[in-house]
Colleague: 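Supplied in structure tokens, the structure appears directly below.
Sequence positions, counted from 1, serve as the residue numbers for this chain. Because the structure is predicted, anything quoted here is derived from the model rather than measured.
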Amino acid sequence: QATLAQDLALFSVSESFFSTTQVEEAAVANSMFCLLVGCVLAVDVGFAWSVATPLETSEDARELGEVLEAVDECRAGSSDSGQQSCGFSVVQLRGQRRSHLGTESGYEAAPAHKVGWMQSERCAGTELHELAFVVCPKSLAQLQEVALDRTNPCSPNYRKWLSRTEVSDLTRNEQGLLELRAHLRAHAPEAAILHASRDGDLLRVRAPVATWESLLSTEFFVYKHEEHNSTILRSHSYLLPGALKEHVSGVLQAINFEQFLPKTMPGIDLNTGSRDTQQPLFSAMSWDNFTELQASKGPSLVSPTKLHKIYNMPAVAERGSDLAKMQAKTSQVVFGTINEHWSPSDRTRFEEAFGIPQDNYVKQLSGQTEGFSMSGDAFCRQNSSHCGEANLDVQYMMAMSPWTQIGYWYVPHGRPVSFVDDFMAQLVDEDHPPQVISISYGMPESQVPSAALDLFECLAMKLTLQGTTILVASGDWGAASNLVLTYECSFVPLIGLQVWWPASSKWVTSVGATVGPASGQPEVVCQSNYTGPSTDGKAPSITSGGGFSQALAKPAWQEGVHNESSRGVPDLSLLGHNFAMVLGGRWRTMDGSSAPAPVLGGMLSLINSELIAAGRPTVGFLNQLLYATSSRSIFSDVTEGDNRCASLGAPCCGGYDAGPGWDPVTGLGSIDWQKLRDAIMAAKV
């Protein structure tokens, strides 16, 4: 118990993203490693500056359209040579309360629990090591004020988005950068600056270990992970020099320890389905066609057709129609990591089954792996466990808005440091970022270094100011998180229940999971211990995540909604159980809050197309509109169920109940698309 207290006292366990989607019928222990998060980003911020040029009339926006419209997806059946069977060119889009000591005093310590990493010898002082300094924005208070103003439906500046240049002028801390560089020249003359982000949020620097030890009052050691034969250089803690505390919020790559992920996708049911000799991992739970799948799964099976009906969505626009052309002016992106591929032929087969147009193609936004394609038919036939999340996200986001230009944004390492770095480089630093971003990955908030969390908040606000919507899945392990797998429930009295990040960010819309309407039953929480009529008597494999942040204060738009002092998650919920999809050439079902996140993303793209056609700004950050009293008619309240149990037979360590109004299980409830559309279109802009 004492060791556990030490392990968890710093609110930092391991650092690695997990996919939020799980194969629906998972029943084995390995499935316990899958985590859930989904994300849609809505960006709204600004002073009374001029509104950015409407997307469809700007030169850079036309460049973005040309980039996304270009056929850069491998044709179905064209990739039979394995993982790198489809070659993509690199495509770029044109365009608080973290009360850790690291934020306030300049001191931050490493977690005691280092997930397999064992300390070895002291580092040689001459060994080179790269650190990343996170630079505070020019005025965080002013940035937050502008963001709140531009996303407030009652403000005369509502949805008057800023240009990329205006955002940079608002946030770039030139004085802080100058002082950081000067301090490095004076006290770390051996240091070499490798890269500075466009707005100076992040400065990557390489220097001998002895230099870092002197500058940060620390000692670096070699850490080894025997199971994976890997080594890294890390310190126990660091202390920023007093001269830097005003302008530097923290240092990355000093105390963070990465966790290795399982090599196979969890969630296998060994009792149902048909034999698939090509892929033993999924041999017990796949079907030849949708008809067979439907007959086996019953009325609770979710398909694009059902989603359109349940959420009151319009019919898909006809090929060549003015409506289709209008929708093609919008952009949306799904996020991928941890070796998740998607299959063009699976996408084609999925769309054929539901009469979805197949004209549109997915663009590879390759991030840190320039020129490396994360698309491959042969790869997904041979490695279905590494294609489930990506296939689900791509298939359902395209199903909801098939004419919208879509990108697949991939970050090779599912860790918060890599994530925020690439998030900035590929999306935030572009002149015209995508209008909708969906993220189906995450981790317990306690695993995120203070500096990474603070940096993401700043970056999300910058996207908000440019009219981007960020959607994030709320998680698949209930209110306690996947920490139950290591500690069962013993950590809860020490550090409390654990909300998911980045779903806990104040500048994203977090999306939970429900069940019921697909089979004509009342909508209830998607939870692993529910076997009622809403799921045809079969328990879901996941429990929707939710709860309260321990790092971020309650946002203004949640005042009066709950009595806690911190950010509550989720904001809303949609169906997240028994989703039909094609994976490795076979029909399967999957559960997860990562399913409703891209679904909502596609819904918002349809609304964006109407706004753009009318010469109006995009939807952007949703939450202030959603929480307004006048918007309550948008929602169907979900009042039955809870998130006390984790997924797939893991312990039930406590959580929250669904109830009238907002709750930390399903948020405000589920939406009616038409009512949401009407509320957005009626807003005075």
Colleague: For the residue pair Glu523 / Ser670, report whether a side-chain donor-acceptor contact shorter than 3.5 Å exists.
Modeller: yes
Colleague: How far does OG of Ser345 sit from CZ of Arg381, to the nearest 0.5 angstrom?
Modeller: 6.0 Å
Colleague: Within the distance-only criterion (no hydrogens, no angle test), does the side chain of Arg616 pair as donor or acceptor with the backbone N or O of Met681 below 3.5 angstrom?
Modeller: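 Judged by distance alone, yes, a pair lies under 3.5 Å.
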Colleague: How long is the span from the CG atom in Asp288 to the CZ atom in Arg586, to the nearest 0.5 Å?
Modeller: 4.5 Å
Colleague: Would you check if Leu307 and Tyr396 make a side-chain contact, meaning some heavy-atom pair closer than 4.5 Å?
Modeller: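 Side-chain contact under 4.5 Å: yes.
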Colleague: So, do Glu610 and Ile680 sit near enough that their side-chain heavy atoms are less than 4.5 Å apart?
Modeller: no
Colleague: What pair of heavy atoms forms the shortest contact from Leu668 to Leu626, and how long is it?
Modeller: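 Scanning both residues, the minimum pair turns out to be CD1-O, 3.5 Å.
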Colleague: Check whether the side chains of Thr330 and Thr404 place a donor and an acceptor atom closer than 3.5 Å, and report yes or no.
Modeller: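 Side-chain D/A pair, Thr330 to Thr404: present.
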Colleague: Do Asp571 and Thr509 have a side chain donor and acceptor closer than 3.5 Å?
Modeller: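 Asp571 vs Thr509: no donor-acceptor pair found between side chains.
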Colleague: Report yes or no: does Arg164 contribute a side-chain atom to a donor-acceptor pair with the main-chain N or O of Val428 at less than 3.5 Å?
Modeller: yes
Colleague: So do the side chains of Val582 and Thr348 get within less than 4.5 Å of each other, counting heavy atoms only?
Modeller: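 Val582 does not reach Thr348 side chain to side chain.
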Colleague: Once you round to the nearest 0.5 Å, how far does CG of Asn312 lie from CE of Met603?
Modeller: 10.0 Å
Colleague: Taking the six-membered ring for Trp, are the ring centroids of Trp673 and Tyr311 within less than 6.0 Å of each other?
Modeller: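 No - the distance between ring centres of Trp673 and Tyr311 does not fall below the 6.0 Å cut-off.
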Colleague: Can you see which heavy atom on Val394 is nearest to which on Tyr408, and at what distance?
Modeller: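 Nearest pair, atom of Val394 first, then Tyr408: CG2-CD1, 4.3 Å.
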Colleague: May I have the step-by-step check of side chain to side chain donor-acceptor pair (under 3.5 Å) for Ser605 and Gln332, ending in yes or no?
Modeller: CA-CA 7 Å; Ser605 289; Gln332 56 190 15; 2.6 Å; yes
Colleague: Between Asp346 and Cys380, does the side chain to side chain contact (heavy atoms under 4.5 Å, CB included) criterion hold? Intermediate values first, please.
Modeller: CA-CA 9 Å; Asp346 286 347; Cys380 289; 4.3 Å; yes
Colleague: Begin with the C-alpha distance, continue with both residues' side-chain angles, and end with the deciding distance and a verdict on side chain to side chain contact (heavy atoms under 4.5 Å, CB included) for Phe635 and Ile671.
Modeller: CA-CA 5 Å; Phe635 296 96; Ile671 64 166; 3.6 Å; yes
Colleague: Taking all non-hydrogen atoms of both residues into account, name the closest pair between Ser573 and Thr514 and its distance.
Modeller: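 Looking at all heavy atoms of both residues, the closest pair is CB-CG2, 3.6 Å.
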Colleague: To the nearest 0.5 Å, tell me how far Leu583 CG sits from Met590 CE.
Modeller: 6.5 Å
Colleague: Does any non-hydrogen side-chain atom of Leu611 lie less than 4.5 Å from one of Val619?
Modeller: yes
Colleague: How many angstroms lie between atom OG of Ser633 and atom NZ of Lys675, to the nearest 0.5 angstrom?
Modeller: 6.0 Å
Colleague: Would you please classify the geometry between the Phe354 ring and the Phe290 ring as parallel, tilted or perpendicular, with 30° and 60° separating the classes?
Modeller: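 Judged by the thresholds at 30° and 60°, the geometry between Phe290 and Phe354 is perpendicular.
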Colleague: Under 3.5 Å, side chain of Ser541 to main-chain N/O of Asp591, donor-acceptor pair present?
Modeller: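 No; judged by distance alone, with no hydrogens or angles, the pair does not exist.
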Colleague: Any non-hydrogen side-chain atom of Trp500 less than 4.5 Å from a side-chain atom of Val569?
Modeller: no
Colleague: What closest approach, in Å, do His308 and Pro314 show between heavy atoms, and which atom pair accounts for it?
Modeller: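 Residues His308 and Pro314, closest heavy atoms: CD2-O, 3.0 Å.
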Colleague: Can you measure from CD (Glu340) to CG (Asn391) and round to the nearest 0.5 angstrom?
Modeller: 8.5 Å
Colleague: Under a 3.5 Å distance rule, please check whether Ser401 uses its side chain to pair with a backbone N or O of Met398 as donor and acceptor.
Modeller: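 No, Ser401 side chain to Met398 backbone: no donor-acceptor pair under 3.5 Å.
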Colleague: Report the C-alpha separation of Trp342 and Glu389 in whole Å, then their side-chain angles, then the decisive distance to 0.1 Å, and conclude whether the side chain to side chain contact (heavy atoms under 4.5 Å, CB included) test is met.
Modeller: CA-CA 8 Å; Trp342 64 276; Glu389 182 61 66; over 6 Å; no
Colleague: Show the nearest heavy-atom pair for residues Val436 and Asn608, with the distance to one decimal.
Modeller: CG2-ND2, 3.7 Å
Colleague: Please report the shortest heavy-atom distance between Ser505 and Ala460, naming the atom on each side.
Modeller: OG-CB, 4.5 Å
Colleague: Can you find a pair of side-chain heavy atoms, one from Asn578 and one from Lys538, that are under 4.5 Å apart?
Modeller: no
Colleague: Without swapping roles, check the side chain of Lys306 against the backbone of Pro299 for a donor-acceptor pair under 3.5 Å.
Modeller: yes
Colleague: Any side-chain to backbone donor/acceptor pair from Asp393 onto Pro598? Under 3.5 Å, distance only.
Modeller: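 Here the side-chain-to-backbone pair does not exist.
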Colleague: Take Gln327 and Leu606 through the test side chain to side chain contact (heavy atoms under 4.5 Å, CB included) and record every step on the way to the result.
Modeller: CA-CA 6 Å; Gln327 292 171 1; Leu606 296 179; 3.6 Å; yes
Colleague: With a 4.5 Å limit on heavy-atom distance, are the side chains of Leu572 and Leu600 in contact?
Modeller: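 The answer is yes, as the side chains (C-beta and beyond) meet within the 4.5 Å cut-off.
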Colleague: Within the 4.5 Å heavy-atom criterion, are Pro540 and Cys526 side-chain neighbours or not?
Modeller: yes
